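What follows is a set of notes on a single structure, which appears directly below.
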Amino acid sequence: MPVTSDGRTSLDIVNSSGLLKTTQEFVNVDKAFQIFTDGYGDGFADGSWGDAGVISSTIYKYGKKSIGKTYASGNWHVFGFANWNTGVTYSADYKFLTFWVKGASADYSLYISSDQGIDGFGSFNESNKINVPANVWTYYKIPVSTLKLWANGNKFNQLGFRIKGPDTQNETFYIDNLLLVK
């Protein structure tokens, strides 16, 4: 594989039969803005409502750790990431918010928000809803232009994932490699 300084690149295969362009994309984690990989990115900490996020070294998708959050039954918690020092300044270079989520025991929807988003941190903006299938790791690559994380200011300090419910039992989700990708 050739060395690249690109933030992301696709896989193209060249052999004696010619060029094959694939849809496979590689993200250079070192070039991305890291919110959480095997730990919190620079300046980030837990910003959850309700139970705190907990780093797991037993359940993860890549590396050696992920972060889990238990949403308590009857409470509408937020799985939050906070950077109160420098925040995350808007850059037109950021194209995608990417991450892996391991679903809970049933299918749920999570709502992504920021403190500078259209409806604020912890909101239920339908255009920022992701559907998370039960018990599997699912990759999400969402254009930041659709999330509008900087709609009310050029720097956000909180990013969160909110759930409606759960109503009958506690549910735990895990997030790995939460990044802003150029």
Side-chain angles (χ1 to χ4, degrees), residues 33-41 43-61 65-88 90 94 96-181:
F33 186 93
Q34 298 178 14
I35 299 168
F36 188 91
T37 53
D38 271 352
Y40 289 103
F44 279 91
D46 182 56
S48 298
W49 293 354
D51 300 345
V54 177
I55 295 174
S56 172
S57 59
T58 57
I59 299 173
Y60 53 87
K61 181 67 178 173
K65 297 177 184 171
S66 72
I67 187 159
K69 162 84 170 122
T70 299
Y71 292 86
S73 174
N75 292 293
W76 291 12
H77 290 196
V78 175
F79 195 167
F81 300 84
N83 186 325
W84 297 112
N85 298 320
T86 59
V88 181
Y90 171 78
Y94 296 137
F96 301 99
L97 179 70
T98 65
F99 52 93
W100 287 89
V101 176
K102 183 176 188 295
S105 69
D107 295 350
Y108 283 97
S109 295
L110 294 176
Y111 296 80
I112 301 169
S113 66
S114 78
D115 59 325
Q116 293 302 317
I118 290 175
D119 298 323
F121 185 69
S123 63
F124 294 115
N125 185 328
E126 287 295 316
S127 63
N128 289 5
K129 178 174 79 171
I130 60 170
N131 296 313
V132 181
N135 295 313
V136 295
W137 284 100
T138 304
Y139 181 69
Y140 295 88
K141 177 184 172 187
I142 305 169
V144 295
S145 60
T146 64
L147 292 171
K148 297 179 178 45
L149 300 173
W150 295 274
N152 293 314
N154 72 345
K155 184 190 303 185
F156 72 77
N157 296 95
Q158 295 174 286
L159 179 70
F161 298 80
R162 191 157 189 201
I163 189 174
K164 290 182 178 178
D167 295 327
T168 59
Q169 65 184 20
N170 293 353
E171 294 285 4
T172 302
F173 292 80
Y174 293 88
I175 292 179
D176 205 350
N177 281 13
L178 179 56
L179 310 167
L180 284 167
V181 178

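All residue numbers in this chain count up from 1 along the given sequence. In this text, all values refer to a predicted model and were calculated from it rather than measured experimentally. Hydrogens, waters and symmetry mates play no part in the numbers below; they use all other heavy atoms, side chains included.
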For [X] against [Y], the heavy-atom pair lying closest together:
{"X": "I55", "Y": "Y40", "answer": "CD1-CE1, 4.2 Å"}
{"X": "Y94", "Y": "V144", "answer": "O-CG2, 3.0 Å"}
{"X": "K102", "Y": "I59", "answer": "CD-CG2, 3.8 Å"}
{"X": "G122", "Y": "S113", "answer": "N-OG, 2.8 Å"}
{"X": "T86", "Y": "K155", "answer": "O-CD, 3.1 Å"}

Main-chain N/O of [Y] paired to [X] side chain as donor or acceptor, under 3.5 Å:
{"X": "N128", "Y": "Y111", "answer": "no"}
{"X": "Q116", "Y": "N154", "answer": "no"}
{"X": "D115", "Y": "F121", "answer": "no"}
{"X": "R162", "Y": "S123", "answer": "no"}
{"X": "N170", "Y": "S73", "answer": "yes"}
{"X": "K69", "Y": "D51", "answer": "yes"}
{"X": "D46", "Y": "A52", "answer": "no"}

Practice problem: Report the C-alpha distance between S109 and N131 in whole Å, list the side-chain angles of each, state the deciding distance to 0.1 Å, and finish with yes or no for side-chain hydrogen bond (donor to acceptor under 3.5 Å, both in side chains). | Solution: CA-CA 4 Å; S109 295; N131 296 313; 2.7 Å; yes
What is the ring orientation for [X] with [Y], classed by angle as parallel under 30°, tilted 30 to 60°, or perpendicular over 60°?
{"X": "F156", "Y": "W150", "answer": "tilted"}
{"X": "Y71", "Y": "H77", "answer": "tilted"}
{"X": "F81", "Y": "F79", "answer": "parallel"}
{"X": "Y139", "Y": "W100", "answer": "tilted"}

Practice problem: Using side-chain hydrogen bond (donor to acceptor under 3.5 Å, both in side chains) as the criterion, list what pairs up with Y174, not counting sequence neighbours. | Solution: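 Y174 satisfies side-chain hydrogen bond (donor to acceptor under 3.5 Å, both in side chains) with no residue once adjacent residues are dropped.
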Exercise. Identify, with sequence neighbours excluded, every residue that meets ring pair (Phe, Tyr, Trp, His ring centres under 6.0 Å) alongside W84.
Key: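 Checked W84 against ring pair (Phe, Tyr, Trp, His ring centres under 6.0 Å); zero matches.
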Self-check item: V78, L178, V132 screened by side chain to side chain contact (heavy atoms under 4.5 Å, CB included) with F161, the one that passes
Solution: L178
Quiz item: Which value, rounded to the nearest 0.5 Å, describes the distance between D176 atom CG and Y60 atom OH?
Solution: 9.5 Å
Quiz prompt | Straight-line distance of Q169 CD to S105 OG, nearest 0.5 Å | solution = 4.0 Å
Exercise. Decide side-chain contact (heavy atoms from CB on, under 4.5 Å) for L149 and Y90; before the verdict, give the C-alpha distance in whole Å, the side-chain angles of both, and the deciding distance to 0.1 Å.
Key: CA-CA 9 Å; L149 300 173; Y90 171 78; over 6 Å; no
